[in-house]
Amino acid sequence: TLAWEVQGFKVAEGPAVLLRNDHVFITYSASATDARYCMGMLSARADADLMDPASWTKSPDPVFRTSVAHHVYGPGHNSFTTDAEGRDMLVYHARDYEPIDGDPLYDPNRHTRVQAFTYDRRGYPIFGAPAAVGVLPKS
């Protein structure tokens, strides 16, 4: 439904659920699988009627997207886990280059990445920017 979700292709895929801070967060990936691929997020209070569309709020902008500065392109198709210290971790795939020959869906170089994330004052996840290869982001 948003312009950033349909760049190149009309794609909304790979939902992942995160239950934290009295909320239900659902992230998803959108747009073509090139540098435009990114993550959006839906949120609702955990005590809301989750079957009622009015209970949900959609992020107006991507919550995780390409970082040209870090050379990370097309992050998405994520999931969540925790590390040994109990920190929330974002698991996703991305490329470390932008130009792609041919159909980006068939480019085999989207590699798995993992990084910690934090929360804002409302209790909503802050994913930040994709970390550069070999750099551990602060959490």
Side-chain angles (χ1 to χ4, degrees):
T1 59
L2 300 172
W4 61 265
E5 295 175 310
V6 294
Q7 295 180 61
F9 291 100
K10 187 174 184 178
V11 171
E13 65 180 5
V17 176
L18 178 66
L19 304 172
R20 293 287 188 277
N21 307 317
D22 299 319
H23 281 80
V24 178
F25 302 101
I26 300 177
T27 57
Y28 61 95
S29 299
S31 287
T33 57
D34 55 19
R36 298 172 289 184
Y37 200 58
C38 57
M39 281 173 32
M41 186 172 72
L42 300 168
S43 60
R45 292 201 47 79
D47 60 359
D49 176 1
L50 301 180
M51 297 305 290
D52 180 358
S55 297
W56 293 93
T57 301
K58 189 179 207 179
S59 60
D61 298 303
V63 294
F64 200 60
R65 65 175 105 202
T66 288
S67 173
V68 174
H70 295 164
H71 306 286
V72 179
Y73 299 92
H77 221 127
N78 75 288
S79 61
F80 301 103
T81 191
T82 55
D83 69 4
E85 287 133 26
R87 295 181 302 168
D88 282 325
M89 305 298 284
L90 174 66
V91 181
Y92 63 98
H93 64 61
R95 292 184 183 88
D96 58 2
Y97 57 87
E98 184 173 7
I100 297 171
D101 291 328
D103 187 331
L105 188 59
Y106 299 109
D107 182 280
N109 295 306
R110 293 189 286 177
H111 301 291
T112 303
R113 299 153 190 255
V114 179
Q115 67 186 63
F117 63 94
T118 60
Y119 294 87
D120 67 16
R121 291 181 187 170
R122 300 175 304 157
Y124 281 54
I126 300 173
F127 301 113
V133 172
V135 175
L136 295 175
K138 296 178 183 176
S139 61

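Quick caveat, the model's predicted, so the values are computed rather than measured.
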**Q** Please identify each residue that fulfils side-chain hydrogen bond (donor to acceptor under 3.5 Å, both in side chains) with N21, with sequence neighbours left out.
**A** none
**Q** Should the ring pair Y37 and H77 be called parallel, tilted or perpendicular, given that the plane angle runs from 0 to 90° and is split at 30 and 60?
**A** tilted
**Q** Side chains of N78 and T27: is there a donor and an acceptor less than 3.5 Å apart?
**A**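 A pair is found: one side chain offers a donor N or O, the other an acceptor, under 3.5 Å apart.
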**Q** How far apart are the C-alpha atoms of D107 and R95, what are their side-chain angles, what is the distance that settles it, and do they pass the side-chain contact (heavy atoms from CB on, under 4.5 Å) test?
**A** CA-CA 9 Å; D107 182 280; R95 292 184 183 88; 2.9 Å; yes
**Q** Show the numbers, then the answer: is there a side-chain contact (heavy atoms from CB on, under 4.5 Å) between V133 and H71?
**A** CA-CA 8 Å; V133 172; H71 306 286; over 6 Å; no
**Q** Anything under 30° is parallel, anything over 60° is perpendicular, the rest tilted; go ahead and classify F25 against H23.
**A** parallel
**Q** Hydrophobic cluster membership, with links at side-chain heavy-atom distances under 4.5 Å among I/L/V/M/F/W/Y: are Y28 and M41 in one?
**A**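 No, Y28 and M41 fall in different hydrophobic clusters.
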**Q** Restricting to non-hydrogen atoms, name the atom on P130 and the atom on S67 that form the minimum distance, rounded to 0.1 Å.
**A** CD-CB, 3.8 Å
**Q** Under 30°, 30 to 60°, or over 60°: which ring-plane class applies to F64 and Y92, parallel, tilted or perpendicular?
**A** perpendicular
**Q** Set out, in order, the CA-CA distance, both residues' side-chain angles and the distance that settles side-chain contact (heavy atoms from CB on, under 4.5 Å) for V72 and Y97, then state yes or no.
**A** CA-CA 7 Å; V72 179; Y97 57 87; over 6 Å; no
**Q** Find out if a path of hydrophobic residues (ILVMFWY) with successive side-chain heavy-atom gaps under 4.5 Å connects V63 to Y124.
**A**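 The answer is yes; both residues are in one hydrophobic cluster.
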**Q** Which heavy-atom pair separates W56 from L42 by the least distance, and what is that distance?
**A**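 What the structure gives for the nearest pair is CE3-CB, 3.8 Å.
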**Q** Could you check V24 against R45 for side-chain contact (heavy atoms from CB on, under 4.5 Å), going step by step and ending with a plain yes or no?
**A** CA-CA 6 Å; V24 178; R45 292 201 47 79; over 6 Å; no
**Q** Applying side chain to side chain contact (heavy atoms under 4.5 Å, CB included), name anything that partners D103, two or more places apart in sequence or on another chain.
**A**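 Partners of D103 by the side chain to side chain contact (heavy atoms under 4.5 Å, CB included) criterion, ordered by chain and then number, come out as L105, Y106.
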**Q** If I take atom SG from residue C38 and atom CD from residue Q7, how far apart are they, to the nearest 0.5 angstrom?
**A**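 Between C38 SG and Q7 CD, I get 7.0 Å after rounding to 0.5 Å.
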**Q** Grab the two heavy atoms, one from R113 and one from D96, that are nearest each other, plus how far apart they are.
**A**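 Residues R113 and D96, closest heavy atoms: NH2-N, 3.6 Å.
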**Q** Taking all heavy atoms of P60 and all of W4, pick out the closest pair and write down the distance.
**A** O-NE1, 2.9 Å
**Q** Is there side-chain contact between V11 and S31, with at least one heavy-atom pair below 4.5 Å?
**A** no
**Q** Return yes if some donor-acceptor pair links the side-chain N/O of Q115 with the main-chain N/O of A131 below 3.5 Å, else return no.
**A**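 At least one qualifying donor-acceptor pair exists.
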**Q** With the threshold set at 4.0 Å, does a side-chain nitrogen-carboxylate oxygen contact exist between E98 and R36?
**A** no
**Q** Could you check whether S43 and K58, counting side-chain N and O atoms only, form a donor-acceptor pair closer than 3.5 Å?
**A**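 Per modelled atom types, K58 and S43 side chains form no pair under 3.5 Å.
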**Q** If you compare all heavy atoms of G8 against all heavy atoms of A32, which two are closest, and at what distance to 0.1 Å?
**A**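 Nearest heavy atoms, G8 then A32: CA-CB, 4.0 Å.
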**Q** Is there side-chain contact between D47 and D22, with heavy atoms separated by less than 4.5 Å?
**A** no
**Q** So, for L90 and F127, which heavy atoms are closest and what is the spacing to 0.1 Å?
**A**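 Distance-wise, the nearest heavy atoms are CD2-CD2, 3.9 Å.
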**Q** Taking C-beta and beyond as the side chain, do R20 and D88 meet within less than 4.5 Å on heavy atoms?
**A** yes
**Q** Strictly distance-based, threshold 3.5 Å: is any side-chain N or O of T66 a donor or acceptor partner for the main-chain N or O of V68?
**A** no
**Q** Is there a continuous path of hydrophobic side-chain contacts, each under 4.5 Å between heavy atoms, that joins M39 to I26?
**A**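 No, separate clusters.
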**Q** Within a 6.0 Å radius of atom CG on D101, are there more than 12 heavy atoms belonging to other residues, nucleotides or ligands?
**A** no
**Q** Is the backbone of H93 close enough, under 3.5 Å, to the side chain of T112 for a donor and an acceptor to pair up by distance?
**A** no
